[in-house]
Trainee: 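Take this structure, written in structure tokens, and hold onto it; I'll ask about it next.
When a ligand or atom number is given, it counts from 1 through the structure's own listing order. This chain uses plain numbering: 1 for the first residue, then up along the sequence.
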Amino acid sequence: MTRITHHPSDALLLSHAAGRLPAGLALVVAVHLERCARCAAYAGALEAAGGLLLEETQPVPLQARALDQAMAALDAPAAETAKPAAWQGPPPLPQGQAWPSAVAGCQIAPWRWIGPGMHYSRVRLAGDDAVTVFLLRLAPGKYLPRHAHSGRELTQVLCGAFHDGRAQFHAGDFDAPGRGVQHLPVVQSAGECVCLTAVQGRLQFDAFYGRLLARLGGLG
Ligand SMILES: [Zn+2]
């Protein structure tokens with residue numbers, strides 16, 4: 001069983017620093033780094049080390065026409081940019097909570113009611129269909145139905161707290177249960193809990209409610 005540290009693993013931070021994570025997974029790690037000085041310092045050191053490695057590689061000679069092509073591209077009229085859909089901005093968080101800066105470029109859907117005290121919001125970011133990113137806002141005592149996952153599942157707690165039968169997670173904590181781990185996150189009494197989760201592959205729920213949630217989120 002994977003040790004629960006409440007922080008991203010060294011391997012995950014290394015993949016993030018090297019820019020090798022799919023955007024949805026990288027988003028959850030970036031949100032953690034905003035809240036965790038320890039991981040941010042480590043990630044900064046990894047990125048600096050990566051930069052040194054890049055500097056040591058041989059420079060590739062520029063092709064003769066490359067500069068001309070670059071100048072022509074600068075002169076070309078700007079491409080028609082797609083008009084943004086009528087988006088009202090991110091939905092409200094519980095009182096006193098602010099959205100992390102890392103989600104600034106994402107489209108966050110309005111909260112969708114999925115049951116008493118339970119809301120769901122899909123987070124969309126450019127070009128990452130293989131990873132589903134969503135937010136859950138659950139009242140104390142509510143739980144996400146027991147599930148396992150076929151791929152990676154990364155979660156960052158934005159506020160509140162939950163216990164999933166393995167450990168307690170508080171605001172600022174990170175979790176990455178291994179493939180096949182079955183868990184049932186239950187929100188603790190500290191107030192509403194909001195979590196940002198990115199899932200690679202499919203979640204496998206074992207209850208009707210879970211299948212409903214999966215259908216709402218396109219996860220099932
Ligand atoms: Zn950390």
Side-chain angles (χ1 to χ4, degrees), residues 1-54 90 93-94 96-106 108 121 123 125 128 130-138 140 143-144 147-149 151-201 203:
M1 186 173 165
T2 317
R3 196 164 63 91
I4 298 168
T5 65
H6 300 91
H7 300 270
S9 65
D10 289 358
L12 194 57
L13 287 176
L14 194 58
S15 296
H16 184 258
R20 288 202 304 263
L21 285 182
L25 302 183
L27 175 70
V28 181
V29 174
V31 170
H32 179 76
L33 295 180
E34 277 185 41
R35 295 287 303 268
C36 180
R38 191 189 87 174
C39 289
Y42 187 51
L46 288 173
E47 277 166 23
L52 284 177
L53 284 176
L54 279 179
L93 284 173
Q97 303 295 327
W99 288 103
S101 313
V103 304
C106 307
I108 305 175
S121 165
V123 178
L125 56 170
D128 211 18
V131 177
T132 305
V133 184
F134 60 92
L135 291 145
L136 281 174
R137 177 178 177 170
L138 305 182
Y143 62 91
L144 182 64
H147 63 279
H149 16 87
R152 280 189 286 189
E153 177 189 296
L154 307 185
T155 291
Q156 172 72 13
V157 187
L158 301 185
C159 63
F162 70 85
H163 198 298
D164 75 342
R166 301 175 306 146
Q168 176 120 359
F169 295 87
H170 297 275
D173 283 345
F174 181 93
D175 187 31
R179 286 183 179 87
V181 169
Q182 281 235 346
H183 63 154
L184 188 152
V186 182
V187 174
Q188 306 296 287
S189 59
E192 275 189 303
C193 182
V194 180
C195 288
L196 174 70
T197 297
V199 177
Q200 206 172 23
L203 288 185

Trainee: Could you tell me whether any N, O or S atom belonging to His32 is less than 2.8 Å from the Zn ion (ligand 1)?
Mentor: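 For His32, the answer is yes, given that an N, O or S atom comes within less than 2.8 Å of the Zn ion (ligand 1).
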
Trainee: Do Phe174 and Val31 have side chains that get closer than 4.5 Å, going by heavy atoms?
Mentor: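 A side-chain contact is absent here, since even the closest heavy-atom pair is not under 4.5 Å.
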
Trainee: Compute the angle centred on the Zn ion (ligand 1) spanning SG of Cys36 and SG of Cys39, and express it rounded to 10 degrees.
Mentor: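 So the angle at the metal works out to 110°.
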
Trainee: Do Ser101 and Glu34 come close enough that some side-chain heavy atom pair is under 4.5 Å?
Mentor: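 They are in side-chain contact.
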
Trainee: Hey, what do you get for CG (Leu93) to CD (Glu192), rounding to the nearest 0.5 Å?
Mentor: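 Between Leu93 CG and Glu192 CD, I get 9.5 Å after rounding to 0.5 Å.
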
Trainee: Do the rings of Phe169 and His6 sit parallel, tilted or perpendicular, given the 30° and 60° boundaries?
Mentor: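 Rings of Phe169 and His6: tilted, as their planes differ by 30° to 60°.
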
Trainee: Of all N/O/S atoms in His7, which lies nearest to the Zn ion (ligand 1)?
Mentor: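 Within His7, restricted to N, O or S, the Zn ion (ligand 1) is closest to atom ND1.
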
